[in-house]
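One structure is given below, encoded as structure tokens.
Naming: A, B, ... by sequence-line order, numbering from 1 per chain.
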Number of protein chains: 2
Amino acid sequence: MLGAMAHRPYHHGDLRAALLGCAEDALAEQGPDALSLRDLARRAGVSHAAPGRHFRGKDHLLDTLALTGFERLDTRLGEAAAEPGDPRSRLLALARGYVGFALDHPALLELMYARKHTPSRPEELTAAVGRLVETVLRPVTEGQDEGTIAPGDPGTIALTVAATLHGLTSYADADSLRELQEDLPAVVDLLLSGLLPR
Amino acid sequence: MLGAMAHRPYHHGDLRAALLGCAEDALAEQGPDALSLRDLARRAGVSHAAPGRHFRGKDHLLDTLALTGFERLDTRLGEAAAEPGDPRSRLLALARGYVGFALDHPALLELMYARKHTPSRPEELTAAVGRLVETVLRPVTEGQDEGTIAPGDPGTIALTVAATLHGLTSYADADSLRELQEDLPAVVDLLLSGLLPR
DNA sequence: ACCTGAACACCGTTCAAGT
DNA sequence: ACCTGAACACCGTTCAAGT
């Protein structure tokens, strides 16, 4: 691993992507508060000023990383939602996908929803959240067309489902996430049948 | 306001509480990343080393602030859950209380659930989350005793309700929180009746 | 075009010393 | 008991200069 490029070239191959990868590693290892640009530069083997060439600042780098997280989660949920089946199995696949992502990338998921109330938050992140809700919305409207999902504003339904999935991961630490992954059928049935007695 | 204590005494009256208050202000004004201990000390009118007397470090101060947030939210939800009425009105009161807290203290609520995946997270915060779920759990078991809430593991039901409420605030920015507050009846009815057609 | 090295203003934390 | 002031090691960002 070392001998292949003993003295790194002056121009890093793709410093931008390398920095994002290092940032994701550092996030998982040390948490978001301990992450520093200078440390990322050291990990990537460049000077501390080099990241400034590729990102406007620390916020920009973290926002970009969060955006890649939304893209990956959206892809995963889109695949789960596209699977054929009744509403229960599709909702369960959606829930398993979300909790699975939380298990695989806990710190990244936290970053994705963090710094919500900072004025500098870019519109791109808000749009990414909207796309996620849309991914959940598609199976909802399809179910309504088939008559397997109750009528009502599909936006409200999709938002509630997405919020529940995200809220579950917020309430769980690493251990309880693993338990939750197993107990998801009960949660899904609760969402499907409701809290009132039938 | 100034004349009353033109030159502040050497011993601050209650620096610990003052720092927590300043921290909450700074959090709301600048967001969590911009918050610095030295700035808090300046706001409180003490030297930059003074906070070290009352908090083990920045994390300790923020964790303490988050804990006060959980206590206030728990009190608010406890009052909402204790109101008499049918399950729908009580769940609506609970939801209004949660979203109202998010409207009043958006940055504080974010802090409360942040840094979930750092090893240093104190057990006290995990316990506070547990108490919150317990506050939601009480009306659930009462409703089950009356037969107005469907049978099933009350812990799962309470966790799902709490997760949904929290997730909703995670998906909403300041503007959509205000809209959400008005649309809560639809969300509550969805939780009560479920996603399946009746 | 891309990176370095020095510089600047900040920060968290510690610790002797002051009151 | 509580606070200060100096000190240390770090950080984000900028900018001339190098290749």
Any side-chain N or O of A/Arg42 below 4.0 angstrom from OP1/OP2 of D/dC11?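 Looking at the OP1 and OP2 atoms of D/dC11, one of them is under 4.0 Å from a side-chain N or O of A/Arg42.
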Return yes if a side-chain donor-acceptor contact under 3.5 Å exists between B/Arg72 and B/Thr68, otherwise no.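 Their side chains do contain a donor-acceptor pair, which is all the 3.5 Å distance test asks for.
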Taking the nucleotide of DNA chain D with the closest heavy atom to each, which residue, A/Leu37 or A/Arg53, is nearer the 5' end?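 Looking at the nearest nucleotide for each, A/Leu37 comes out on the 5' side.
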On DNA chain C, check which nucleotide each of B/Ser36 and A/Ser47 is closest to and give me the residue with the more 5' one.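 First, find each residue's nearest nucleotide; the 5'-ward one identifies A/Ser47.
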Taking for each residue the nucleotide of DNA chain C bearing the nearest heavy atom, is the 5' side occupied by A/Ala50 or by B/Lys58?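 Nearest nucleotide further toward 5': that of A/Ala50.
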Using whole Å, what does the distance between atom [atom2] of nucleotide [N] and atom [atom1] of [X] come to?
X	N	atom1	atom2	value
A/Arg38	C/dC8	CZ	C1'	11 Å
B/Asp39	C/dG12	CG	C1'	14 Å
B/Asp59	C/dT13	CG	C1'	12 Å
B/Arg16	D/dC3	CZ	P	13 Å
A/Gln30	D/dC10	CD	P	14 Å
B/Leu35	C/dC10	CG	P	17 Å
B/His60	C/dT13	NE2	P	12 Å
A/Phe55	C/dC3	CZ	P	12 Å

Please find out if less than 6.0 Å separates the ring center of A/Phe70 from that of A/Phe101.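 A/Phe70 vs A/Phe101: aromatic centres not under 6.0 Å.
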Step through it carefully: locate the ring centre of B/Tyr113, locate the ring centre of A/Tyr113, and say whether they are under 6.0 Å apart.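 Ring centres of A/Tyr113 and B/Tyr113 not closer than 6.0 Å.
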Heavy atoms under 4.0 Å, any strand shown: does B/His54 hit a base, just sugar-phosphate, or nothing?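 B/His54: backbone/sugar contact only, no base atoms under 4.0 Å.
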Pairing of B/Arg131 and B/Glu71 as salt bridge, 4.0 angstrom limit: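 Salt bridge between B/Arg131 and B/Glu71, a charged N being under 4.0 Å from a carboxylate O: no.
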State which of C/dT14, C/dC2, D/dT13 makes the closest approach to the side chain of B/Ala49.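 Comparing C/dT14, C/dC2, D/dT13 against the side chain of B/Ala49, the answer is C/dT14.
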Can you tell which of D/dC3, C/dG5, C/dT14 lies closest to the side chain of A/His48?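 In terms of side-chain proximity for A/His48, the closest of D/dC3, C/dG5, C/dT14 is C/dG5.
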Can you tell me the base-pairing partner of D/dC10? Count Watson-Crick or G-U wobble geometry only, both distances below 3.5 Å, and say none if there is no partner.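 Because no pair has both required distances under 3.5 Å, D/dC10 counts as unpaired.
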C/dC15 pairs with, by Watson-Crick or G-U criteria that keep both distances under 3.5 Å: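 Check on C/dC15: paired to D/dG5, both distances under 3.5 Å.
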Taking the inter-plane angle between the rings of B/His60 and B/Phe55 on a 0 to 90° scale, is it parallel (under 30°), tilted (30 to 60°) or perpendicular (over 60°)?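 The rings of B/His60 and B/Phe55 stand perpendicular, inter-plane angle above 60°.
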